[in-house]
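Read the structure below first, then the notes.
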Amino acid sequence: MQYIFFAYLSVAIIGLSIFIITRKNPVHSVLGMLFMFIHVGALYLFLNAEFLAAVQVIVYAGAILVLFLFAIMILNIKEELQTELFIGSWVMAIPVVMGLLIMLFLGLRAVKAGYTGLHNIDYIKTMTHTKAFGKELFANYLLPFEVISVILLVAIVGAIVLAKRRLR
Amino acid sequence: MRYYALIPFLPLLGFLINIIFGRGLLKHRAHWISVPVVGLSMVLGLMTVREVISGNVINEDLYSWVISGDFKVSVGFLIDQLTAVMLVVVTVVSFLVHVYSIGYMHGDPGFYRFFAYLNLFTFSMLMLIMSNNFLQLYFGWEAVGLCSYLLIGYWYQKKSASDAGKKAFIVNRFGDFGFGLGVILIFLTFGTLHYAPVFGSVSSIAGKTVVLFGYEIDLITLIALLLFCGAIGKSAQIPLHVWLPDAMEGPTPVSALIHAATMVTAGVFMVARCNPIFNLSEIALTVVAVTGAVTALFAATIGLVQNDIKRIIAYSTISQLGYMFLACGVGAYGAGIFHLYTHAFFKALLFLGAGSVMHAMAGELDIWKMGGLKNKMRITYVTMLLASLSISGIPGFAGFFSKDEILYQTYLKGDLGKVLWLMGTVTALLTAFYSFRIISVAFHGRFRGSHPEEHHLHESPPVMTIPLVLLAIGAVAAGWVGIPPLIGEAIGLHGAWFYEFLSPVVGHPSEEGSHSVELMVMTLSIIAGIAGIILAFYLYRGDAERAKALLKRPFLKKIHTVLWNKYYVDEFYHLIVVRPALWTARTVIEAVTDIGIIEAIVNGVPKTIGRFSERLRAIQTGLVNHYAIFMVGAMFFILAFILMVK
Amino acid sequence: MIELRWYIWLSLIVFTIGMLGFLTRRNLIIIFMSVELMLNAVNINLVAMSHYMQDMRGQMLTLFVIAVAAAEAAIGLAILIALFRTKAAGHVDEVTELRG
């Protein structure tokens, strides 16, 4: 059963990824991305990470994609459909990326989960994932959490400054 | 109790303020900063001197300057009796010259620059005299040289001024090279550069020798002679005296401060400071004494015939510096420093007086175009007269006490001493002669210039005459702290206070003489001085017909030509130093090194880079994707490398 | 039992597709999406590692990556809008000022 699930999810994610980068119409790409994010969320559920699955759907699918859609609104889709899809020298990218893929593959070939920590499946089951996650986050990762919030604040301010109309 | 550290750093502050804000903000108000800081530093200096007189010698490190292995040097101050004397000279003369410059430099376009340099000079000189180690001494030594260069070439638009600046700098290089070697040798020998340990252990290396170019040389003598090289350059002794007369191209206050009272005496100060080293080497002392005596006579003879008022005084300075070295060379450091101290007052006064005359004469320097100035410029005349009496060694004036002590101590120094004493006494006569030649030609008789010039004559403003008067008081009274015991007893004063004061640093002269000898020496030098004055007035009365008549005689005419051309020393140097240097510059350096090597490198490197960049800029498309592709490619290689290493 | 490396391979493939998109597409919005794709690939890897190692650290990092991705998308799209407004450009090859 799990094999079927995994196979379906992998094929869907890979297929949607290819779909995203090959569409002429950016709106199609965004829709493809929406489905891909949901599938990735499902994969997280599969990996016992319910909270992250929820975050994935809410933040990515809910917030980031909406931003993309807003950005697409200002594009001229009709004109977009007429123009070149790829940059002039796109052929150059393929051997380079393939080379990197091979290298990464060779490098990660032998990876094994050698180390086992506290958070085994039983622990998460008794605690519930969100509680276990929250305990870890606010006990050991409090400072990074604060830093992240500052980064988000900076992003808010920065986005407003960049996007606002210049007052003349 | 560390206010003494402010003494040098206040002028430095003044320099920084002036150099930063001078051009924009201060302009013709530059003296508002410069003069008060130097004044404050003078007050602090005099307070420190009082401290020293009451017996506190300060020797303290303020700041570790260089620490490198065994090589440790700090910025530190040693304020002992010797430094105290120098402090009085430097701060007082510097302050008076600053005040004088307000009037003298008024309206000059580089007003702020002038004051900035003067401040910087005061700072450097104070660092030099207050140092407690050789490296800081060397720093001050070079820094005053720099200021001297900047100030001689102050009117850099004038070619003669910038040439004179360069000449001073280059000639000093010869001396400073030796001085630098001496400092290095001291470090190699003693492992430290601080005065106290060096002077403390100097006797332990007496008699040691080093082999140099196959000759065995006494180590102490070598160090002493190398140090003396620096003194020769800085204090303009034979054979490196040629820069000082040319240095008169600088503004007159500069000549008074740097080239009469302070910087040129640094050599004497240094020799006196290093007296433990010099005392151990009979040869070095003899060299110092002979150099001093020869220079004194040599420069005085040149001074006899010059017409440029500042040059006469400049040769006089060289001659008086020779006296100081003569004193150091016979072991009478106290007398040398005493002469330095009195000389600072009357020589600065002579220069400032000359400056006052120039001010009235629109920059005229030739004494034959002056004349009869005594009625028009009363204060200048009287002060100049006092200074001339002082330098001529007339009893009661400052110069008499110091010069007399030097001649007396020289006379006591064996057979060689007698010869040197004779040269010194002749020099005293010549000194009186050329000093009163100026007085007689420039101030007496009738005015020789044109009528409008005569109409323009005026006494200088008070800001210039007040320093003259104050210096005149010094030129008369400064010597009263060192009255010889012979006279002291006669008038019921305790004499020789100055020598007692300095004795912890420089010790006492070794020879003891009798009163009768002293009386004889004194009488002869007084006679020489008075004879010189009378001769000058006799020959140069009226339109100097008697002097002109003398020049008709062929023999005297020849001597005059030689003297007028300063013994052809400049021509000689031109032949053996300047011409070969220029020849080398043109044929070797310009043709081979410059064009062949340096320009080939300088032009070749950018050409090669240009050729590469022509190719490389093809990949600089400005397209972000391309840059990212290179990034990914680089990641590929890095990964491949890591995997391969594994 | 699904092995860890399967997840890794999946993540590698998605990462490569994202990179290809980033390197070859002209449209700036698609390029941003490709960046998001790559980040997702990394996230998959992190969560899988976390699961197999029975340690929460990977999931913590994932959370932070998502947060940073949100910030990055906001800024990136703001820049995009500024670019549209000032240069009327939506494609990378229309913005080549870097060539100097």
Side-chain angles (χ1 to χ4, degrees), chain A residues 2-3 6 10 13-14 17-18 20-21 26 29 33 40 43-44 47-49 52 55-56 59-60 63-64 67-68 71-72 74-75 80 83-87 90 93-94 97 101 104-105 108 111-113 115-120 132-133 136-137 141 144 148 151-152 155-156 158-159 162-163, chain C residues 2 4-6 8-10 12-21 23-27 29-30 32-34 36-37 40 43-44 47-57 59-60 62-64 66-75 77-82 84-85 90-93:
Chain A
Q2 51 183 351
Y3 292 105
F6 182 76
S10 329
I13 290 173
I14 293 171
S17 303
I18 294 171
I20 292 166
I21 66 159
S29 290
M33 208 157 181
V40 171
L43 200 64
Y44 289 172
L47 287 165
N48 270 334
L52 275 183
V55 169
Q56 171 84 9
V59 175
Y60 263 125
I64 297 180
L67 268 181
F68 275 103
I72 286 167
I74 57 173
L75 267 184
E80 186 67 30
T83 58
E84 268 311 298
L85 207 58
F86 298 109
I87 59 165
W90 61 274
I94 292 177
V97 171
L101 178 67
L104 284 172
F105 179 76
L108 292 171
V111 169
K112 284 202 180 66
Y115 152 87
T116 45
L118 291 174
H119 302 89
N120 53 31
F133 192 91
E136 183 75 8
L137 181 63
Y141 290 86
I148 278 294
I151 288 177
L152 283 171
I156 293 168
L162 283 168
Chain C
I2 299 159
L4 172 60
R5 53 190 163 142
W6 294 3
I8 292 175
W9 291 343
L10 171 65
L12 266 185
I13 291 164
V14 177
F15 186 81
T16 310
I17 294 167
M19 193 182 281
L20 263 178
L23 294 184
T24 55
R25 285 300 297 251
R26 288 178 67 234
N27 192 317
I29 294 178
I30 306 284
F32 270 114
M33 286 188 201
S34 305
E36 301 294 337
L37 261 184
N40 262 283
N43 283 352
I44 292 171
V47 176
M49 293 269 192
S50 162
H51 179 68
Y52 283 90
M53 289 186 174
Q54 302 186 355
D55 192 321
M56 277 289 188
R57 260 186 274 177
Q59 298 188 20
M60 294 299 139
T62 308
L63 183 76
F64 294 143
I66 291 174
V68 170
E72 172 252 324
I75 296 283
L77 292 171
I79 292 175
L80 211 66
I81 288 172
F84 274 132
R85 189 178 299 144
H91 299 106
V92 272
D93 45 9

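The shown structure was predicted, so the numbers you read here are calculated from the model rather than taken from an experiment. Chain letters run A, B, ... following the sequence lines, proteins first and then strands; every chain starts at 1. Basis for what follows: all heavy atoms, side chains included, without hydrogens, waters or symmetry-related copies.
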For the candidates [options], which exhibits the highest count of non-hydrogen atom pairs separated by less than 4.5 Å from chain A?
options                        : result
L23(C), L4(C), V92(C), I29(C)  : I29(C)
N40(C), N43(C), V14(C)         : N40(C)
M60(C), M53(C), H51(C)         : M60(C)
L80(C), I30(C), I75(C)         : I75(C)
T62(C), L63(C), V68(C), I79(C) : L63(C)
I2(C), I66(C), L10(C), L20(C)  : I2(C)

Does any backbone or side-chain atom of [X] lie under 4.5 Å from a heavy atom of chain C? Answer side chain, backbone, both or neither.
X       : result
A71(A)  : both
Y60(A)  : side chain
I148(A) : side chain
L43(A)  : side chain

- prompt: Which atom pair, heavy atoms only, marks the closest approach of T83(A) to R26(C)?
  reply: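 So the minimum-distance heavy-atom pair works out to CB-NH1, 3.6 Å.
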message: Using every non-hydrogen atom in the two residues, find where A159(A) and A74(C) come nearest and quote the distance to one decimal.
response: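 Answer, listing the atom of A159(A) first, then A74(C): CB-O, 4.0 Å.
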query: Quick one: does L108(A)'s side chain get under 4.5 Å of R5(C)'s, heavy atoms only?
result: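 Answer no - side chains too far apart.
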Could you tell me which portion of [X] (side chain, backbone, both or neither) has an atom closer than 4.5 angstrom to a non-hydrogen atom of chain A?
X      : value
T16(C) : both
W6(C)  : both
I8(C)  : side chain
I17(C) : both
L77(C) : side chain
M49(C) : side chain
I44(C) : both

[atom1]/[X] to [atom2]/[Y] distance, rounded to the nearest 0.5 angstrom?
X       : Y       : atom1 : atom2 : result
S50(C)  : R57(C)  : OG    : CZ    : 10.0 Å
I13(A)  : L37(C)  : CD1   : CG    : 10.5 Å
E36(C)  : I64(A)  : CD    : CD1   : 5.0 Å
F133(A) : Q59(C)  : CZ    : CD    : 6.0 Å
S29(A)  : N27(C)  : OG    : CG    : 8.0 Å
R85(C)  : L162(A) : CZ    : CG    : 10.0 Å

message: Checking F84(C) now: which residues fulfil ring-ring contact (aromatic ring centres under 6.0 Å, His included) with it, not counting sequence neighbours?
response: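 ring-ring contact (aromatic ring centres under 6.0 Å, His included) list for F84(C), sorted by chain: empty.
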- prompt: Sequence neighbours excluded, which residues qualify as ring-ring contact (aromatic ring centres under 6.0 Å, His included) partners of F86(A)?
  reply: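 For F86(A) the ring-ring contact (aromatic ring centres under 6.0 Å, His included) partners, ignoring immediate neighbours, are W90(A).
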Heavy-atom pairs under 4.5 Å with chain C - which of [options] has more of them than the others?
options                           : value
L152(A), L67(A), L104(A), L52(A)  : L52(A)
L101(A), I94(A), I87(A)           : I87(A)
L137(A), I151(A), V40(A), I156(A) : L137(A)

